[in-house]
Amino acid sequence: MTVNVRFAPSPTGVLHIGSVRTALFNWLYARHNNGKFLLRIEDTDKLRSTDENTRLIFKILEWLQIDWDGDPVIQSSRIERHKEVALDLISKGKAYYCYCTPEELASKKEQCLKENRPYKYDGKCRNGNNNHDSNIKPVVRLKSELEGTTTVKDMVQGEVTVNNSQLDDLVLIRSDGTPTYMLSVVVDDHDMNITHVIRGDDHLTNTFRQIQIYKACGWDIPKFGHIPLIYGPDGAKLSKRHGAASAIDYMQLGYLPEAISNYLLRLGWSHGNDEIISREDAIKWFDFDNVGKSPSRFDMAKLQNLNAHYIKERTNESLLEYMLPFLKYELNNEVKNNILKGMDSLKERAKTIVELAESASIYIKAPEAYEDKCSKYATSMHLDLLNEIVEKIKNNEFSTNEEDLCNSVKEFAGSHNIKLIEIAQAIRGALCGKLASPSVFEIISIIGKEETIKRLESFINHYGQ
RNA sequence: GUCUCCUUAGUCUAGAGGCCUAGGACAUCGCCCUCUCACGGCGACAACACGGGUUCAAAUCCCGUAGGAGACGCCA
């Protein structure tokens with residue numbers, strides 16, 4: 001079976017996370033079937049399209065390792081071809097010039113609504129009555145079927161049938177001479193030899209209109225797969241209000257591409273009870289039999305869980321590299337090395353790269369402030385104990401080897417009849433400025449004797465007055 | 001309003017008439033581990049929208065009802 005699919009975003013806004021899933025499903029379907037995944041930028045709305053948005057589309061697809069075959073097709077470059085098809089339809093009597101004004105049409109539509117019957121364009125122009133004001137620039141309309149039904153055998157939705165009486169004479173060419181989306185998509189999909197149109201199910205009802213264009217042109221109709229939309233946690237359209245809606249947001253929030261694509265894959269598609277799915281398996285398993293029909297809601301918590309999983313799977317080196325742009329500081333090699341040493345412990349605590357970068361700050365600099373809670377472990381008793389510990393570290397009674405130090409401090413606590421937690425938390429507050437971190441003994445073993453003494457003394461001074 | 005689609009726990013889902021006392025995952029809660037926070041391990045809570053049929057048997061098939069979504073542009 002030949003499979004050519006396309007992803008056809010329009011650069012009129014930032015790429016929505018739902019569109020990313022559409023891209024992913026297209027890509028997986030192509031790769032699964034050894035087909036081609038083509039990219040088309042639908043920039044015919046010149047007013048709202050921006051180069052920046054186009055650039056971001058490329059960037060996000062590359063980030064997610066969704067690679068496309070051949071050069072992207074820029075839809076605006078194909079306008080002449082679209083017009084040519086419309087003109088051809090006119091010459092064949094399948095389309096016509098319409099001189100009705102938008103106002104006339106609007107009132108007609110209103111009337112239809114009032115009378116509770118489907119709106120169908122049935123203006124006089126359709127029948128060749130061209131008694132019109134010569135000042136009016138016409139649009140080109142498709143002469144759609146008046147009777148019968150149109151059926152789509154959708155790969156996701158199954159067989160869907162609509163009465164042709166529901167379909168209006170859609171505009172193919174606007175009065176300013178530019179082709180509409182409906183025309184452009186059909187012509188481009190045909191010219192690009194697209195065999196499977198996979199897109200959001202907000203296009204399902206458009207499909208019936210587009211099929212009429214295919215038929216009028218006498219072209220083969222591709223197969224369609226309309227995947228359900230993604231909504232926010234409240235069931236409304238996913239937007240900024242829910243935290244993030246655009247793909248670029250998730251990039252900046254510190255989500256890994258493999259987590260995003262695993263999450264998106266499982267939203268609306270499943271393979272038994274599998275949750276963690278590699279790219280390789282995704283390609284092997286992906287099919288439309290397992291795509292659900294019902295819309296799904298975006299669940300940030302599950303994404304985070306997946307992200308935490310993939311953070312743990314990454315090597316320490318790749319995580320360090322990945323987190324560098326999230327850091328506010330330039331790091332020297334010593335610091336980088338320390339972060340690398342502590343990474344095993346840091347990475348099992350982080351849900352996002354942003355969190356990881358934040359937690360790594362303990363290896364970058366001494367705390368600039370102490371959380372309020374730290375004062376609980378800064379009583380005179382705690383400070384006395386810390387003083388003793390500082391002394392013991394200074395004169396090498398306590399080594400800064402993780403295991404040795406742990407044993408020494410445990411012994412020290414025992415001899416003072418104090419629970420280890422009292423000392424550990426005091427040290428933690430001094431080293432990190434907060435009461436949650438990896439093992440304090442690990443941190444000391446990494447930052448070393450001098451830095452440890454410096455941080456402990458600062459803490460003692462801060463609370464000592 | 002018209003047309004089309006959807007409906008299993010808070011969320012994502014498994015389920016193709018008997019394998020269902022409805023499975024898994026996230027979230028939540030509890031216990032264990034433990035220098036804190038996490039990780040990890042164990043466990044708990046929690047769902048077939050409703051009403052009728054068909055059938056020996058229905059989450060699964062049919063019909064209604066309710067709820068939700070999408071489309072109805074000279075936007076894409």
Side-chain angles (χ1 to χ4, degrees), chain A residues 8-13 42-45 47-49 75 98 102 105-106 109 112-119 137-141 152 154 156-158 160-163 165-168 170-176 178-182 184-185 200-209 226 228-229 231 233 235-237 263 266-276 290 292-306 308 312 345-351 359 377 406 409-410 413 419-429 432 434-441:
Chain A
S10 94
T12 50
E42 304 210 326
D43 60 341
T44 49
D45 184 348
L47 275 177
R48 294 191 298 144
S49 298
Q75 190 162 61
C98 173
L105 264 16
K109 187 174 177 182
C112 286
L113 283 174
K114 219 178 279 173
E115 291 168 19
N116 210 353
R117 62 188 167 91
Y119 167 68
K137 288 200 171 125
V139 298
V140 176
R141 285 182 184 275
V152 179
D154 194 274
V156 177
Q157 310 289 338
V160 185
T161 301
V162 131
N163 263 318
S165 63
Q166 292 291 328
L167 277 18
D168 55 359
L170 64 259
V171 173
L172 301 176
I173 304 283
R174 301 184 189 98
S175 54
D176 68 359
T178 59
T180 59
Y181 160 78
M182 289 291 178
S184 304
V185 189
D201 77 0
D202 48 338
H203 286 291
L204 183 60
T205 49
N206 283 336
T207 305
F208 300 99
R209 296 183 173 81
H226 288 93
L229 268 21
Y231 298 102
K237 222 169 184 170
Y263 178 71
R266 280 287 290 103
L267 217 49
W269 177 87
S270 60
H271 183 264
N273 282 336
D274 293 307
E275 297 288 345
I276 304 291
N290 304 312
K293 289 177 161 192
S294 55
S296 40
R297 298 179 182 207
F298 200 92
D299 182 9
M300 199 68 94
K302 188 146 186 173
L303 207 213
Q304 287 203 346
N305 176 272
L306 240 19
K312 285 181 207 106
S345 304
L346 295 178
K347 74 181 181 187
E348 67 187 22
R349 289 165 167 77
K351 287 197 158 56
S359 71
Y377 295 97
C406 179
V409 173
K410 274 179 181 164
K419 281 187 178 166
L420 180 59
I421 185 171
E422 298 292 334
I423 297 173
Q425 285 298 67
I427 297 176
R428 194 181 320 277
C432 310
K434 54 187 183 181
L435 298 182
S437 80
S439 158
V440 291
F441 308 115

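Only the C1' atoms considered, rA47(B) is 16 Å distant from rU28(B), to the nearest whole Å. Look at the C1' atom in both rU8(B) and rC48(B): the space between them is 4 Å, to the nearest Å. Comparing the same atom, C1', in rC5(B) and in rA25(B) gives a spacing of 27 Å after rounding to whole Å. For rG18(B) and rU13(B), the C1' atoms lie 23 Å apart once the distance is rounded to whole Å. Comparing rG67(B) with rC29(B), their P atoms sit 34 Å apart, to the nearest whole Å. Rounded to a whole angstrom, the distance from the P atom of rC31(B) to that of rG24(B) is 23 Å. Nucleotides rA14(B) and rC61(B) place their P atoms 14 Å apart, quoted to the nearest Å. Remark: the separation of the P atoms in rG70(B) and rC45(B) is 37 Å, to the nearest Å.
To the nearest 0.5 Å, atom OG1 of residue Thr161(A) and atom CZ of residue Phe208(A) are 7.0 Å apart. Going from atom CG of Asp45(A) over to atom OH of Tyr181(A) covers 13.0 Å, rounded to the nearest 0.5 Å. Distance check, rounded to the nearest 0.5 Å: OG of Ser184(A) to CD1 of Ile173(A) gives 7.5 Å. Atoms CD and CD1, on Glu422(A) and Ile427(A) in that order, are 12.0 Å from each other to the nearest 0.5 Å.
If you check distances only, the side chain of Thr205(A) never reaches the base of rC72(B) with a donor-acceptor pair under 3.5 Å. Side-chain atoms of Asp201(A) stay outside donor-acceptor range of the base of rG70(B), with no qualifying N/O pair under 3.5 Å. Checked by distance alone, Thr180(A) brings no side-chain donor or acceptor within 3.5 Å of a matching partner on the base of rC74(B). A donor and an acceptor atom never sit less than 3.5 Å apart when one is taken from the side chain of Lys302(A) and the other from the base of rA27(B). Checked by distance alone, Arg428(A) brings a side-chain donor or acceptor within 3.5 Å of a matching partner on the base of rC35(B).
Closest to the side chain of Arg266(A), from the set rU13(B), rG70(B), rC5(B), is rU13(B). Closest to the side chain of Asn273(A), out of rC26(B), rC12(B), rG24(B), is rG24(B). The side chain of Ala436(A) sits closest to rU36(B) out of rC74(B), rG70(B), rU36(B). Across rC26(B), rA76(B), rU36(B), the shortest atom-to-atom separation from the side chain of Arg349(A) is found for rU36(B). Listed nucleotides: rG40(B), rG70(B), rC35(B). Nearest to the side chain of Lys312(A): rG40(B).
Among the protein residues, Glu275(A) comes within range of the nucleic acid bases, having at least one heavy atom under 4.0 Å from a base atom. Nucleic acid contact for Ser296(A): sugar-phosphate only, since backbone atoms but no base atoms lie under 4.0 Å from a heavy atom of the residue. Using a 4.0 Å heavy-atom distance criterion, Thr161(A) is classed as a sugar-phosphate-only contact. Note on Ser437(A): a base of the nucleic acid sits closer than 4.0 angstrom, heavy atoms only. Counting any heavy atom pair closer than 4.0 Å across all strands shown, Val171(A) reaches sugar-phosphate atoms only and no base atom. At the heavy-atom level, Ser184(A) lies nowhere under 4.0 Å from the strands shown. Across all strands, Phe441(A) comes closer than 4.0 Å to base atoms (heavy-atom distances). Among the protein residues, Pro438(A) comes within range of the nucleic acid bases, having at least one heavy atom under 4.0 Å from a base atom. In this structure, Leu435(A) reaches the bases: a heavy-atom distance under 4.0 Å links it to at least one base atom across the strands shown. Residue Val162(A) is in sugar-phosphate contact alone, with no base atom involved, counting any heavy-atom pair closer than 4.0 Å across all strands shown. If you check every strand for non-hydrogen atoms under 4.0 Å, Lys410(A) touches sugar and phosphate atoms only. Using a 4.0 Å heavy-atom cutoff across all strands shown, Asp176(A) reaches no nucleic acid atom at all.
rC39(B) adopts a syn glycosidic conformation, its chi angle falling within 90° of 0.
Residue Gly268(A) is the one, among Ile421(A) and Gly268(A), whose nearest nucleotide of RNA chain B lies closer to the 5' end (criterion: closest heavy atom). Map Asn290(A) and Glu348(A) each onto its nearest nucleotide of RNA chain B; the residue landing nearer the 5' end is Asn290(A).
In the model, Ser165(A) has no side-chain atom that pairs as donor or acceptor with a side-chain atom of Asn163(A) under 3.5 Å.
A 3.5 Å limit on both hydrogen-bonding distances identifies no Watson-Crick or G-U partner for rA9(B). The base-pairing partner of rG40(B), taking Watson-Crick or G-U wobble contacts with both distances under 3.5 Å, is rC32(B). Using N1 to N3 plus N6-O4 or O6-N4 for Watson-Crick, or N1-O2 and O6-N3 for G-U wobble, each under 3.5 Å, rU54(B) pairs with nothing.
Under 4.0 angstrom from either OP1 or OP2 of rA69(B) there lies no side-chain N or O belonging to Ser294(A). Phosphate contact (OP1/OP2 of rC74(B), side-chain N/O of Ser175(A), threshold under 4.0 Å): absent. Contact between the side-chain N/O atoms of Asn305(A) and the OP1/OP2 oxygens of rA25(B) is not found at any separation under 4.0 Å.
Within 6.0 Å of atom NZ in Lys419(A), 12 or fewer heavy atoms from other residues, nucleotides or ligands are found, so the atom counts as exposed in its surroundings.
At whole-Å resolution of the value, CG in Leu303(A) and C1' in rA25(B) are 14 Å apart. One atom, CD of Gln304(A), and another, P of rA27(B), lie 9 Å apart when rounded to the nearest Å. Arg297(A) places its CZ atom 11 Å from the P atom of rG68(B), with the value rounded to the nearest Å. Protein atom CG of Asn206(A) is 6 Å distant from nucleotide atom P of rC72(B), rounded to whole Å. Rounded to an integer number of Å, the gap from CD of Gln425(A) to P of rA38(B) is 12 Å. Rounded to a whole Å, the CZ atom of Arg209(A) is 13 Å from the P atom of rU4(B). Taking atom NE2 on His203(A) and atom C1' on rC75(B), their separation rounds to 11 Å, with Å as the unit. In this structure, the NZ atom of Lys293(A) is 16 Å from the C1' atom of rG68(B), given to the nearest Å.
Ion pairing between Arg209(A) and Asp168(A) holds under the 4.0 Å rule for side-chain N and carboxylate O.
Scanning both residues, Leu346(A) and Ser359(A), for their nearest heavy atoms gives CD2-OG, 3.6 Å.
Just one residue in the list Asp154(A), Val156(A), Val162(A) forms a side-chain contact (heavy atoms from CB on, under 4.5 Å) with Leu204(A), and that residue is Asp154(A).
For Gln157(A) (side chain) and His226(A) (main-chain N/O), a donor-acceptor pair under 3.5 Å exists by modelled atom type.
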